[in-house]
Amino acid sequence: MKKSELQQTVSAVVNQTPVLDVHTHLYSARFGDLLLWGIDELLDYHYLICETLINDPTSPDEFYAMTKADQAELVWNTLFVRNTPVSEATRGVVTTLRALGFELEKTTLSQVREYFASTKVDDYIDLVFDQSNVEAAVMTNDVLDPAEQAVWAELSERDPRFLAALRIDGLLNDWPGAVAVLRAGGYDVSEGLDDNTCGEVRRFLADNAEVMQPVYMAASLPPTFAYPEDSARGKLLEKCILPFSRERALPFAMMIGVKKLINPPLQLAGDGVGKADIGVLERLCGGNPENKFLVTCLSRENQHELAVTARKFSNLMVFGCWWWLNIPSVIAEMTAERIELLGTRFIPQHSDARVLDQLIYKWSHSRKVIADVLAEKYADLIDAGWTVQRSDIERDVRRLFSENFRKFVGLDN
Ligand code: HDL
Ligand code: ZN
C-alpha cells in the first residue's frame, strides 16, 4: 500500500471494525432504570455537572436539589447556549445529537425531549449499538448494590451485547461496610478477616460469579494503593481476590489513581486524580504469574511506566484512556507510546459510558484519534521498508478492538 492511501484505508478499517467496549456503566434493558439514556441523562452526566458548576453560581447542593429536567436545562443553558460546547464532554453531546439527525442550530431542548419520549428503549439500544459499531459492552455490576442484585435474582435471559463484570470496590475499599452487607446476605464474615471469613468472602464471590458469569473482576483503587499491605485490602487481595481470580481464571481489572471526593458536595462529580506507584504492578504481576491483570491508570504521569511494565509481564494487559485521559490530545499521546512500546498488544480504549447515547460520541471521537495515530505508525513502517497490506491493518485493528480482550479473558475459548 502507498503512504498516500494509508489515512483513508486506516480510517475505513477503524470505522468498520466492531469494538468490544471493555468497561462501561451501561446495563441491558432488563435492568430497567439502571440503564440511563436520553437527553436529560446525557446532559446530567457528571462530567458536565462539574463543568456547569464552575461556570454558573449555582451551588452543588442547590443543583442536586433540582429535578433532573431542571438540572439538564441549567447544563444546556450554561454550556451550550451561554458558552461554546468546545470541551470534550460538551462536544460529545453535539456529536451524538447530530448523529441522531438533529440540526442543533434549529433544535430546542423540548424538541429533543419529544424525540426521546417517543422512542422505545429496545429500539434505541439497537440504534446506538449500530451507530457506534459496538459489538458488546462490559457492564459494571456492583456486587454490593441491592438494587442491582435484585435484578440479577430475577434475570431470566441475557442480552448477549451486555457482558458482566464483578465490581468489588465496596469489598476492597470499605471492608467494614461490606461486612454488614455480606452478613445480611447470610455470609458468616467478621471484620477480623480470619480464615473462616476469607472462606466466606470467596463463597460470596463464587455465588455472584455463578449468577453473573462475569468476564472479569474489577475495582477502582486510590493512588496510594499498595501491595503487599498489612490492611483489610491487602489481606482480602492475598487471601480472597487473587486465589479466587486464579481458581476461576477470572482476570482482575485494576483501575488505579482515583482520589474519591476531593470536593464532596459534587458527589459523583467530585473525584480527583493522583499518581500511583507502578511498583505495585511489578509485585502483583511478578508475584502471581498464574493470575491475569487488566490495568488502567488515571494519571497521565503513570502512562509511560505502565506501558513499560506491560512489556515485562504477559499476565498484564493495559487498557483504555480512562476518565480525564479520554480526551483527544491525551488519547493520541497514549496510543502512540503504547504502539511504540507494545505493538498491538494492548486495548486502546474503553468508553466508560454511563449513558447509552454516549457510545455514539465516545467511539466516534476515539476512533478518529486512534486511526490518525495508526496511520502515522504504518507510514513510519513503510518508510522503514515494510510493505503494509489492508489485510494487515484489518488484523491489527481486530486485535486492538476486540481480540486482545477476548483472548486475555478467555471469551470464545
Ligand atoms: O470507577 C469507575 O469505573 C470510574 O469510571 C467512575 O465510574 C467515574 O465516575 C467515571 O464515570 N469515569 O468516567
Ligand atoms: Zn468507569
Side-chain angles (χ1 to χ4, degrees), residues 21 23-27 33-100 102 104-105 107-113 115-116 124 128 131-132 140 220 258-273 298 320-331 349-366 369:
D21 195 340
H23 170 59
T24 75
H25 297 269
L26 303 178
Y27 294 91
D33 293 344
L34 285 173
L35 169 63
L36 305 180
W37 62 287
I39 186 62
D40 286 307
E41 294 296 354
L42 200 53
L43 291 171
D44 279 345
Y45 185 34
H46 68 76
Y47 291 31
L48 295 177
I49 291 173
C50 51
E51 290 182 34
T52 297
L53 297 183
I54 57 172
N55 283 288
D56 184 272
T58 303
S59 77
D61 293 345
E62 289 164 344
F63 181 86
Y64 285 115
M66 293 157 72
T67 64
K68 246 193 197 306
D70 288 347
Q71 290 174 359
E73 295 273 347
L74 180 62
V75 171
W76 180 260
N77 291 328
T78 307
L79 299 180
F80 296 81
V81 177
R82 294 205 303 271
N83 289 284
T84 306
V86 74
S87 74
E88 183 57 13
T90 52
R91 179 171 74 99
V93 175
V94 176
T95 300
T96 297
L97 292 178
R98 293 293 294 186
L100 294 172
F102 289 102
L104 289 171
E105 304 72 29
T107 303
T108 63
L109 200 43
S110 49
Q111 283 168 323
V112 179
R113 281 178 172 146
Y115 164 81
F116 284 105
Y124 194 54
V128 170
Q131 282 257 13
S132 54
T140 294
S220 73
V258 54
K259 285 164 90 173
K260 296 305 278 183
L261 296 176
I262 61 172
N263 184 359
L266 280 176
Q267 300 180 26
L268 194 56
D271 295 339
V273 56
L298 190 51
C321 302
W322 183 26
W323 210 330
W324 304 294
L325 300 171
N326 192 354
I327 52 178
S329 58
V330 176
I331 297 169
Q349 187 59 296
H350 65 276
S351 70
D352 225 325
R354 280 182 172 272
V355 184
L356 176 65
D357 325 42
Q358 292 173 338
L359 288 181
I360 294 175
Y361 86 79
K362 284 177 182 266
W363 281 108
S364 74
H365 290 186
S366 286
V369 179

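In this chain, numbering begins with 1 at the start of the sequence shown.
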Donor-acceptor pair between D61 and S59 side chains, under 3.5 angstrom: no
side-chain contact (heavy atoms from CB on, under 4.5 Å) between T108 and W76, worked out: CA-CA 10 Å; T108 63; W76 180 260; over 6 Å; no
Distance (rounded to the nearest 0.5 Å) between E62 CD and Q71 CD: 12.0 Å
Side-chain heavy-atom pair V330, W324 within 4.5 angstrom cut-off: no
Distance-minimising heavy-atom pair for L298 and G272: CD2-O, 4.0 Å
E88 side-chain N/O to P328 backbone N/O, donor-acceptor pair under 3.5 Å: no
Pairwise distance CD1(I49) to OG1(T58) - rounded to 0.5 angstrom: 12.0 Å
For T95, all residues meeting side-chain hydrogen bond (donor to acceptor under 3.5 Å, both in side chains), sequence neighbours excluded: H365
Spacing of L48 atom CG and L74 atom CG [to the nearest 0.5 Å]: 11.5 Å
Intermediate values then yes/no, side-chain contact (heavy atoms from CB on, under 4.5 Å), V273 and W322: CA-CA 11 Å; V273 56; W322 183 26; over 6 Å; no
Any side-chain heavy-atom pair of L26 and L359 under 4.5 Å: yes
Nearest non-hydrogen partners of I331 and S366, listed with the distance: CD1-OG, 3.7 Å
Check against side-chain contact (heavy atoms from CB on, under 4.5 Å), Y361 and V93: CA-CA 7 Å; Y361 86 79; V93 175; 5.5 Å; no
Side-chain donor-acceptor contact under 3.5 Å, N326 with Q349: yes
Distance-only polar pair, side chains of S87 and E51, donor-acceptor under 3.5 Å: yes
Flag, side chain of N263 to backbone of G270, donor-acceptor distance under 3.5 Å: no
Distance-only polar pair, side chains of D271 and W323, donor-acceptor under 3.5 Å: no
Shortest non-hydrogen separation from Y64 to L266 and the atoms involved: OH-O, 2.6 Å
Under 3.5 Å donor-acceptor, Y47 side chain and A269 backbone: no
Aromatic ring pairing H25/H23, orientation class (parallel under 30°, perpendicular over 60°, tilted between): perpendicular
Check: T24 and H350 side chains under 4.5 Å, non-hydrogen atoms: no
side-chain contact (heavy atoms from CB on, under 4.5 Å) evaluation trace for R82 with D56: CA-CA 10 Å; R82 294 205 303 271; D56 184 272; 3.0 Å; yes
Heavy-atom side-chain proximity of F102 to T96 below 4.5 angstrom: no
Plane angle bin for W37 and Y124 - parallel if under 30°, tilted between 30 and 60°, otherwise perpendicular: tilted
Lys/Arg cation over aromatic Y45: K362, 6.0 Å, 45° cone: no
Nearest-0.5 Å distance that lies between atom CD1 in I39 and atom CZ in F116: 6.0 Å
Nearest atoms (heavy-atom pairs only) where L36 meets R354: CB-O, 3.5 Å
Check: L104 and F80 side chains under 4.5 Å, non-hydrogen atoms: no
Closest non-hydrogen atom pair, P85 against T90: C-OG1, 3.0 Å
Partner residues of R113 under the salt bridge (Lys or Arg N to Asp or Glu O under 4.0 Å) criterion, sequence neighbours left out: D40, E73
Nearest heavy-atom neighbours spanning L53 and P60: CD1-CA, 3.8 Å
Between N55 and T78, a side-chain donor and acceptor under 3.5 Å: no
Spacing of NZ belonging to K68 relative to CE belonging to M66, to within rounding of 0.5 Å: 11.5 Å
Rounded distance (nearest 0.5 Å) linking atom OG of S351 with atom CD1 of I360: 12.0 Å
4.5 Å side-chain heavy-atom contact, Q131 and W363: no
Q358 side chain vs V355 backbone, donor-acceptor pair below 3.5 Å: yes
